[in-house]
Amino acid sequence: ARITTDLLAVPLIPGSSPPDDLVSAGGPEAEARAARYRFLKSVATECSAKWIAVGHTVDDRAVTVLMRALQGRGVSGLAGMHAKRGCIIRPLEALRRDDLRSWLRAEQLSYRSDSQNDDQRFIRNRVRRLLGEIERSFPAASTRLANLGRQAEETQAFVAAQAAER
């Protein structure tokens with residue numbers, strides 16, 4: 001991670017959250033995500049950063065779209081992760097995770113994977129595994145689901161703009 005941050009000329013600022021802070025009605029996944037974004041926003045404020053770039057890929061959006069579709073969340077849920085929301089941007093969202101990792105290895109750049117992404121106690125990880133199975137029969141499933149999420153995001157934006165005009 002240090003090599004990559006040196007290459008990009010950005011500081012590496014590690015942080016953690018005590019397990020006791022990760023309890024909410026939304027469950028541990030939701031609270032861990034909220035804690036992560038609280039930390040990122042506090043560091044951005046401290047560093048006077050305008051943007052927070054996160055490493056979500058096509059695969060992450062596809063998992064979110066599939067999970068929310070299975071939960072019956074509707075169009076707003078299908079939008080999933082937005083390319084830009086507030087100060088959060090997702091510059092890697094057009095890339096497949098495997099392609100990104102292949103490029104990083106080819107460039108001899110390190111990356112970190114969260115070991116909890118393999119923990120099958122979490123719904124998102126079970127959906128990620130299910131999507132892998134789906135891709136055996138439908139190889140473009142992740143890309144198509146991510147596209148569906150982008151279309152839902154665009155539809156939401158259009159409807160909001162139309163409502164604002166009234």
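Keep in mind that the numbers below use all heavy atoms, side chains included, and drop hydrogens, waters and symmetry copies.
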With hydrophobic residues grouped by side-chain heavy-atom distances under 4.5 Å, do V127 and F122 end up in a single group?
no

Could you list the donor-acceptor pairs under 3.5 angstrom formed by side chains in residues 155-166, with sequence neighbours left out?
residue: T155; atom: OG1; partner: Q151; partner atom: O; Å: 2.8

Residue set satisfying side-chain contact (heavy atoms from CB on, under 4.5 Å) with A44, at least two apart, ordered chain then number -> A49, I52

R33 meets the side chain to side chain donor-acceptor pair (under 3.5 Å) criterion, sequence neighbours left out, with none

Rounded to the nearest 0.5 angstrom, the CG-CG distance for L100 and L104 is 4.5 Å

Salt bridge (Lys or Arg N to Asp or Glu O under 4.0 Å) filter on D118, not counting sequence neighbours, yields none

CZ of R97 to CG of N117, rounded to nearest 0.5 Å, is 7.0 Å

Query raised in the report: Does a sphere of radius 6.0 Å around CZ in R126 hold more than 12 heavy atoms from other residues, nucleotides or ligands, not counting ones at 6.0 Å or beyond?
Result: yes

Between A62 and S142, the two heavy atoms sitting closest are CB-O, 3.3 Å

Hits for side chain to side chain donor-acceptor pair (under 3.5 Å) against D99, two or more places apart or cross-chain, chain-then-number order -> none

Those residues at least two apart in sequence (or on a different chain) that pass side-chain contact (heavy atoms from CB on, under 4.5 Å) with F138 are I134, A141

Contacts of E93 meeting side chain to side chain donor-acceptor pair (under 3.5 Å) (sequence neighbours excluded), chain-then-number -> R61

Same cluster for I89 and L95 if Ile/Leu/Val/Met/Phe/Trp/Tyr side chains link at under 4.5 Å? no

Interatomic distance, CZ@R36 vs CZ@R38, rounded to 0.5 Å, equals 11.0 Å

Could you state whether L92 and L109 fall into the same hydrophobic cluster, counting links through intermediate Ile, Leu, Val, Met, Phe, Trp or Tyr residues with side-chain heavy atoms under 4.5 angstrom apart?
yes

Quiz prompt | Donor-acceptor pair, side chain of D119 and main chain of N125, under 3.5 angstrom | solution = no

Does V58 share a hydrophobic cluster with W103, counting links as ILVMFWY side-chain heavy atoms below 4.5 Å and allowing steps through other members? no

Quick note, side-chain hydrogen bond (donor to acceptor under 3.5 Å, both in side chains) partners involving residues 43-53, not counting sequence neighbours, are none

Just distance, no hydrogens or angles: give the donor-acceptor pairs under 3.5 Å from side chains in residues 63-77, sequence neighbours left out.
residue: T64; atom: OG1; partner: D60; partner atom: O; Å: 3.1
residue: T64; atom: OG1; partner: R124; partner atom: NH1; Å: 2.8
residue: R68; atom: NH1; partner: G77; partner atom: O; Å: 3.3
residue: Q71; atom: OE1; partner: R73; partner atom: NH1; Å: 2.9

For residues 74-91, the salt bridge (Lys or Arg N to Asp or Glu O under 4.0 Å) pairs (sequence neighbours left out) are none

Minimal heavy-atom distance between A152 and A79, with the atoms involved, is CB-N, 3.6 Å

Quick note, salt bridge (Lys or Arg N to Asp or Glu O under 4.0 Å) partners involving residues 129-138, not counting sequence neighbours, are R96-E135, E133-R136

Between the CZ atom in R150 and the CG atom in L78, the distance rounded to the nearest 0.5 Å is 13.5 Å

Sequence neighbours excluded, the answer for side-chain contact (heavy atoms from CB on, under 4.5 Å) partners of S113 is R101, Y111

